[in-house]
Amino acid sequence: LAGWVILPGRGFTGAGGSPVLALTGPAVLRAAAGSVLYLALIGVLSLGVTAVTRSTAAGVGTVLGLLYVAPIITAVVAPGSLRRHLEQIAPMTAGLDVQATSGLGSLPLSPWAGLGVLGAWAAGALMLGGLALRSRDA
């Protein structure tokens with residue numbers, strides 16, 4: 001809502017070449033709801049990783065490395081087609097596709113499919129965390 005008020009005063013208008021987006025438009029609603037789901041899935045991913053490592057510091061470091069270091073390495077090391085495949089399976093780059101409101105054809109995955117990839121990472125981490133807790137603390 002704040003962006004909808006602020007951005008037109010900064011030149012982000014239809015006349016300035018930016019697409020005009022309505023707050024009730026399907027792309028904006030998808031991006032808003034998807035952003036909430038993205039953050040919830042990052043929380044579930046973090047919970048699972050922390051349960052596996054049994055250390056808050058190790059869990060935070062692992063999740064931040066997975067989210068931020070992997071895309072940087074992918075961008076620097078991987079050539080074109082390999083880079084696109086790595087972006088399709090990396091949790092952060094795939095999950096953030098849900099926030100796109102334009103240029104959907106250039107994304108590695110469709111918005112909801114990208115969020116599904118992040119959901120698979122979160123479910124896997126939660127399952128491993130549950131198994132680790134059951135085997136260690138039973």
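Every value quoted in this text rests on a predicted model; they were computed, and no experiment measured them.
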Test side chain to side chain contact (heavy atoms under 4.5 Å, CB included) applied to V49 and L66, L128, V63, the passing residue: V63
Which atom of [X] lies closest to which atom of [Y], heavy atoms considered:
X: P108; Y: Q88; result: O-NE2, 2.9 Å
X: R84; Y: S106; result: NH1-O, 3.7 Å
X: A51; Y: G129; result: CB-CA, 3.7 Å
X: G59; Y: T53; result: N-OG1, 3.5 Å
X: L104; Y: P111; result: CD2-CG, 3.9 Å
X: P91; Y: Y38; result: O-CE1, 4.5 Å

Side chain to side chain donor-acceptor pair (under 3.5 Å) against S55, all qualifying residues, sequence neighbours excluded: none
Side chain to side chain donor-acceptor pair (under 3.5 Å) partners of R54, counting only residues at least two apart: D137
Value rounded to 0.5 Å, distance of [atom1] in [X] from [atom2] in [Y]:
X: L37; Y: W112; atom1: CG; atom2: CH2; answer: 6.0 Å
X: L115; Y: L96; atom1: CG; atom2: CG; answer: 9.5 Å
X: S110; Y: D97; atom1: OG; atom2: CG; answer: 8.0 Å
X: T74; Y: M92; atom1: OG1; atom2: CE; answer: 10.0 Å

Quick check on the hydrophobic clustering: are [X] and [Y] connected, directly or via other members, by side-chain heavy-atom contacts under 4.5 Å?
X: L118; Y: L107; answer: no
X: Y68; Y: L45; answer: yes
X: L67; Y: I89; answer: no
X: V69; Y: L86; answer: no
X: V60; Y: L41; answer: yes

Check: A132 main-chain N/O paired with S135 side-chain donor or acceptor under 3.5 Å: yes
